[in-house]
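Residue numbers start from 1 in every chain, and the chains themselves are labelled A, B, ... in the order their sequence lines are given, proteins ahead of strands.
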Amino acid sequence: MDNKGWSLKGSLLLLLLLVSDLLLCQSVASLPICPSGAVNCQVSLRDLFDRAVILSHYIHNLSSEMFNEFDKRYAQGRGFITKAINSCHTSSLSTPEDKEQAQQIHHEDLLNLILRVLRSWNDPLYHLVTEVRGMQEAPDAILSRAIEIEEQNRRLLEGMEKIVGQVHPGIRENEVYSVWSGLPSLQMADEDTRLFAFYNLLHCLRRDSHKIDNYLKLLKCRIVYDSNC
Amino acid sequence: MINDMCDSACAPEGPTGMDLWQLLLTLAVAGSGSAFSGSEDSSEKPKFTKCRSPELETFSCHWTDGVRHGLKNAGSVQLFYIRRSTQEWTQEWKECPDYVSAGENSCYFNSSYTSIWIPYCIKLTSNGGTVDQKCFSVEEIVQPDPPIGLNWTLLNISLTGIHADIQVRWEPPPNADVQKGWIVLKYELQYKEVNESQWKMMDPVLSTSVPVYSLRLDKEYEVRVRSRQRNSEKYGEFSEVLYVTLPQMSPFACEEDFQFPWFLIIIFGIFGLTMILFLFIFSKQQRIKMLILPPVPVPKIKGIDPDLLKEGKLEEVNTILAIHDNYKPEFYNDDSWVEFIELDIDDLDEKTEGSDTDRLLSNDHEKSLNILGAKDDDSGRTSCYEPDILETDFNASDVCDGTSEVAQPQRLKGEVDLLCLDQKNQNNSPSTDTTPTTQQPSIILAKENKPRPLLISGTESTQQAAHTQLSNPSSLANIDFYAQVSDITPAGSVVLSPGQKNKAGISPCDMPPEVASLCQANFIMDNAYFCEADAKKCITVAPHVEAESRVEPSFNQEDIYITTESLTTTAGQSGTTERAVSSEMPVPDYTSIHIIQSPRGLVLNATALPLPDKEFLSSCGYVSTDQLNKIMP
C-alpha cells in the first residue's frame with residue numbers, strides 16, 4: 001500500500017513538474033535552442049516555429065494588457081481614441097493587410113518583413129521602458145509588462161533570425177527597419193501630449209504584435225504543416 | 001403615474017406636494033431606464049450597436065434605427081467610412097458598400113474592403129447630419145461564429161454503472177480559416193442537465209474535441225460550444241445545443257450514489273479507539289493507578305525495614321541502628337550524651353498507680369504493651385548511654401530500658417534514673433569519689449553497647465549501693481524523674497533531655513550513694529529545672545555533698561533554676577528536709593507542663609505529689625525564696 005501511495009505521489013509530482021514547466025516556459029526562447037557558437041546545432045524548423053509562435057502570442061497578450069491598463073488609467077475621458085489614428089512608425093513597411101495579400105507573399109519575404117518589424121521595435125521598446133519608469137506614479141503593471149515585452153522581443157528576433165537562417169540560408173539582407181522618432185513626444189513636458197504619445201505607442205505596439213503573431217501562425221501552417229493546421 | 005403606483009385602496013386625494021415629487025421621481029426613473037436600455041422608442045438618432053468581424057477577413061457594422069417620430073424613414077440613414085492607408089487621411093468618406101448582406105440597419109464590408117491592422121472610422125449620417133462615429137481596427141472586433149457539427153461519443157462507463165464519460169467533438173466555424181492558420185480559435189464548452197438552469201463551464205481549449213467526465217447515466221444533458229479568437233477576449237455566439245442521452249444501464253445498477261460512509265467510519269473509529277483505550281487501561285491498571293493516585297510515601301528510616309519493626313525483631317533493628325553512625329540528632333551533635341526522652345503528657349493518667357520505673361523494672365508487660373499501643377511513632381528517642389543510638393525508635397529504647405531483652409517497646413520515661421543505675425552498675429566504683437569527671441556518661445554510654453536489662457546489670461555489680469536499690473525497684477519507684485525539656489515535637493509532646501552531667505563535673509549518678517539514692521541523676525546541673533521535691537531531696541544530701549565541693553559548685557553553676565541561696569538555705573536544713581524526704585511519697589514520674597518558658601525550659605508541675613507541703617510543691621520549678629522560707633525555718 002505504501003508503494004502504491006508513493007508511486008501515485010511520484011506520478012503526481014512529475015505531472016505537476018511537467019505542467020509547471022509548460023506554464024512557466026511560455027517563452028521558449030528562454031531555453032537555449034542551441035548553445036551559442038555551435039555551428040552544427042540543428043533544431044527542427046517545427047520546434048523553431050512552435051517556439052516563435054508561443055513567443056509572439058505571449059508578446060501580443062502582454063501588449064494588449066498593457067494597452068488596456070494604460071487606457072483604463074490615463075486615457076479615460078481624454079478622447080484619445082478618436083485621435084489615435086495616427087500612423088505607427090512601422091506603417092512605412094509594406095506589410096500585407098489581409099489574408100489574400102498574406103497568402104500571396106512569399107514566405108521568405110514575409111519572414112524578412114517580420115524581422116524588419118521586430119527590429120523596428122527594439123528602440124521604441126527600450127525608450128518605452130525608460131519613460132514609463134519616469135512617469136509619475138510609475139504603474140507597475142505597465143512597467144513590468146514593458147520590460148517583459150522588450151526582452152521577449154529580443155528573443156523573438158533571435159529566433160526569427162534562426163528560422164530565416166534555416167528557411168532561407170545564405171541570403172542575409174541588410175538590417176532594414178523603420179526608425180522611430182517618437183521619443184521627443186514621449187518626453188514632452190505637457191502631460192496631455194506626453195500621455196497621448198504613450199497611448200499611441202502602446203496602440204501601435206498592440207497592433208504590430210498582433211500582426212507578427214498572425215504572420216507567424218500563417219507561416220507555421222504553411223511551412224511546417226503544409227497549410228493544413 | 002400616481003394612479004399606477006397607488007393601489008385601489010389608496011384614498012383619492014388631491015395633488016399634494018408629495019405627490020408632485022413622486023411624479024417627478026417616476027419620470028426621472030422612466031427616463032433613465034429608457035436611456036439605459038437604449039431602446040429605440042426614445043432615442044432620437046441612430047447609433048452603432050456593434051461592429052464585428054467573424055473571421056478576420058470581413059466585417060459588418062450594425063446600428064439602431066432612427067427615432068420613430070414618424071417623419072424619418074430608414075433610408076436616410078447612411079454610413080460612411082474611411083480608412084487610413086499609407087499615412088494619409090486625405091481620402092474622403094465612402095459610403096457603405098453593402099447595406100443588405102448583414103441584415104437591416106447594417107453595413108457589410110467584404111474582404112476587398114477589409115484591411116486588417118488598418119484604422120477605420122465610420123460614421124452614421126441621417127439627413128446629412130452625423131449622428132454617430134466610431135473608429136476601430138478590424139483585428140479588435142473579431143468575434144468568431146459558433147462551431148458546428150457537435151457530436152459526442154461514449155468513452156467509458158464507470159464500474160458502478162452510474163457515471164459515464166463522453167467525448168464531444170465539433171467543427172470550427174466554416175468561415176474561419178484555421179486550416180491556414182490565419183485565425184486561431186479557442187473554444188469553450190458548456191453543459192448541463194436538461195432540467196437544470198445553470199450551465200457548467202469547462203476550460204477553454206484549442207482543440208476541437210474535449211472529453212466530458214462523470215455524467216450520470218440516468219440523466220439527459222445539453223452541450224454547447226462557443227469560440228473566440230485566441231488573442232482576444234470576446235466570445236462569439238454559442239453553437240446549437242447538443243443533446244446527450246446516455247444509454248440506460250441494467251436495472252441492477254445502484255440507484256444511489258456511492259456516498260462515502262463517513263458515518264460508519266466515524267462510529268467504527270470511535271469504537272476501535274475505545275476498545276484500545278480500555279485494553280490499555282486494564283493492562284496497565286496498576287501503573288495508571290500510580291499515575292493518578294501516587295502513593296504517599298510512608299515515613300521511613302534509612303536502612304531500616306519497617307517490617308522489622310512491625311514484627312518486633314529488635315535485635316536486627318538494633319544492630320542495624322548500631323551500624324549507622326549518623327543517627328545523632330543534628331542539633332545535639334556536640335552533646336553526645338544527650339538522650340531524648342519523649343514526655344507523654346497524655347499518659348499521665350496512666351501513671352497514677354505507679355511510677356514508670358515500676359513498670360520498667362517489673363517487666364510489666366501489659367502496661368508496656370499499652371504504652372506500645374498508645375503511641376507508634378519514631379519520635380521517641382532513647383539511648384542507653386550510647387551516643388550512636390541516640391536516635392532510635394522506641395523499640396531500641398525499650399531495649400535499652402533493659403527491663404528485658406524481649407522486645408518491649410516502651411517509652412522510656414524517667415530514663416535518667418535508669419541510666420544512673422546502669423552507670424553505677426558498670427562503674428565498679430563503690431563511691432562517688434572516683435572521678436566523676438572521668439565517668440563521662442559518654443563513656444558509660446559507650447560501654448553500653450548492648451542493651452542490657454538493668455536488672456541484669458544491677459545484678460552484676462555488687463559494689464554499688466545503688467545495686468541494692470536496683471534490686472529494690474520499689475525504692476527506685478520513689479525517685480522522681482526530672483528532665484530538661486530539650487525540644488518540643490511537632491506532635492505537641494515534649495522531648496526531655498537529662499541535664500548535663502559533664503558540665504557539672506559530676507554526674508548525677510556520682511553522688512554518694514546515700515546521696516544518690518535520693519538525688520541521683522535528678523541533679524541535672526545545667527539547664528535543669530528542679531522540682532521542689534527534688535530540691536528537698538538534695539537538701540538532705542547537701543551536707544554530705546558539701547563535703548565534696550563538687551556538689552556545691554554543681555548547684556551554683558550555670559542554669560540551675562534553684563536559686564543557690566535557696567539551696568544554701570536549705571542546705572542547713574536537714575531535719576525538715578529529711579523529714580520531707582523520708583516522708584516522701586511516691587513521686588509521680590510524669591509532670592505536667594506548667595509554663596513554657598523558653599525553648600529550652602519548661603516549668604513543670606508535679607502532679608499528684610503527695611508531699612506534705614503541697615503548696616511548696618505546687619509550682620515545681622522555680623522555687624522562690626518566699627516559698628523556701630516557708631519551708632525552712
Side-chain angles (χ1 to χ4, degrees), chain A residues 49 53-54 56-65 67-68 71 79-103 117 178 200 203-204 206-229, chain B residues 53-59 81-91 93 109-123 130 132-142 172 175-186 203 206-208 228-234:
Chain A
F49 265 108
V53 165
I54 289 170
S56 68
H57 181 76
Y58 182 50
I59 290 169
H60 175 66
N61 277 350
L62 283 174
S63 61
S64 280
E65 286 167 12
F67 177 78
N68 289 339
D71 189 28
F80 285 155
I81 195 148
T82 51
K83 290 195 279 181
I85 9 192
N86 287 349
S87 62
C88 298
H89 67 288
T90 52
S91 302
S92 59
L93 302 168
S94 56
T95 55
E97 289 175 355
D98 59 18
K99 191 175 98 179
E100 288 84 6
Q101 289 180 22
Q103 279 178 325
V117 172
S178 298
N200 204 39
H203 189 262
C204 287
R206 185 177 77 159
R207 195 196 73 170
D208 282 350
S209 59
H210 187 271
K211 195 187 278 191
I212 287 166
D213 190 36
N214 245 64
Y215 291 161
L216 278 171
K217 283 166 187 170
L218 195 72
L219 278 174
K220 183 179 111 174
C221 282
R222 196 200 292 188
I223 294 172
V224 176
Y225 295 100
D226 204 16
S227 300
N228 194 14
C229 277
Chain B
S53 168
E55 74 286 80
L56 207 64
E57 292 171 41
T58 66
F59 72 99
Y81 73 95
I82 189 169
R83 64 177 178 187
R84 189 181 164 69
S85 62
T86 64
Q87 305 173 351
E88 286 177 14
W89 278 115
T90 56
Q91 290 170 309
W93 290 89
F109 295 84
N110 59 17
S111 56
S112 59
Y113 289 97
T114 309
S115 299
I116 321 296
W117 306 296
I118 300 288
Y120 274 82
C121 278
I122 54 171
K123 66 176 180 182
T130 302
D132 196 7
Q133 194 171 354
K134 198 171 170 175
C135 289
F136 56 90
S137 280
V138 176
E139 76 272 10
E140 297 163 6
I141 56 169
V142 176
N175 52 7
D177 191 359
V178 289
Q179 210 170 24
K180 292 204 175 69
W182 178 245
I183 187 168
V184 178
L185 293 175
K186 226 168 182 184
D203 292 334
L206 283 170
S207 60
T208 57
R228 67 173 167 93
Q229 194 196 18
R230 189 172 162 201
N231 284 338
S232 67
E233 301 292 324
K234 283 188 258 184

Open item on the list: Is any side-chain heavy atom of A:Arg206 closer than 4.5 Å to one of B:Glu140?
Closed with: yes
Open item on the list: Heavy-atom pairs under 4.5 Å with chain A: which of B:Ile116, B:Asp177, B:Asn231 has the most?
Closed with: B:Asn231
Open item on the list: Does any backbone or side-chain atom of B:Val184 lie under 4.5 Å from a heavy atom of chain A? Answer side chain, backbone, both or neither.
Closed with: side chain
Task: Value rounded to 0.5 Å, distance of NZ in A:Lys99 from CH2 in B:Trp182 - done: 8.5 Å
Task: Side chain, backbone, both or neither of A:Asp226 within contact of chain B (heavy atoms, under 4.5 Å) - done: neither
TODO: Side chain from CB out, backbone as N, CA, C, O: work out which of these in B:Ser232 comes under 4.5 Å of a heavy atom of chain A, or both, or neither.
DONE: neither
TODO: Can you tell which part of A:His210 gets under 4.5 Å to a heavy atom of chain B, answering side chain, backbone, both or neither?
DONE: both
Task: Region of B:Ser115 in contact with chain A, defined by heavy-atom distances below 4.5 Å - done: both
Task: Minimum heavy-atom distance A:Cys221-B:Gly181, with the two atoms named - done: SG-CA, 3.5 Å
Task: A:Thr95 side chain reached by B:Trp117 side chain, heavy atoms, under 4.5 Å - done: no
TODO: Pick one of side chain, backbone, both or neither for A:Gln103, based on which atoms fall under 4.5 Å of a heavy atom in chain B.
DONE: side chain
- [ ] Report the distance from atom OG of B:Ser137 to atom CZ of A:Arg207, rounding to the nearest 0.5 Å.
- [x] 7.0 Å
- [ ] Can you see which heavy atom on A:Asp98 is nearest to which on B:Ser111, and at what distance?
- [x] OD2-O, 4.0 Å
Open item on the list: Counting heavy-atom pairs closer than 4.5 Å to chain B, which one of A:Gln101, A:Arg222, A:His60, A:Lys211 comes out on top?
Closed with: A:Lys211
TODO: Below 4.5 Å from any heavy atom of chain B, which atoms of A:Tyr225 appear? Answer side chain, backbone, both or neither.
DONE: neither
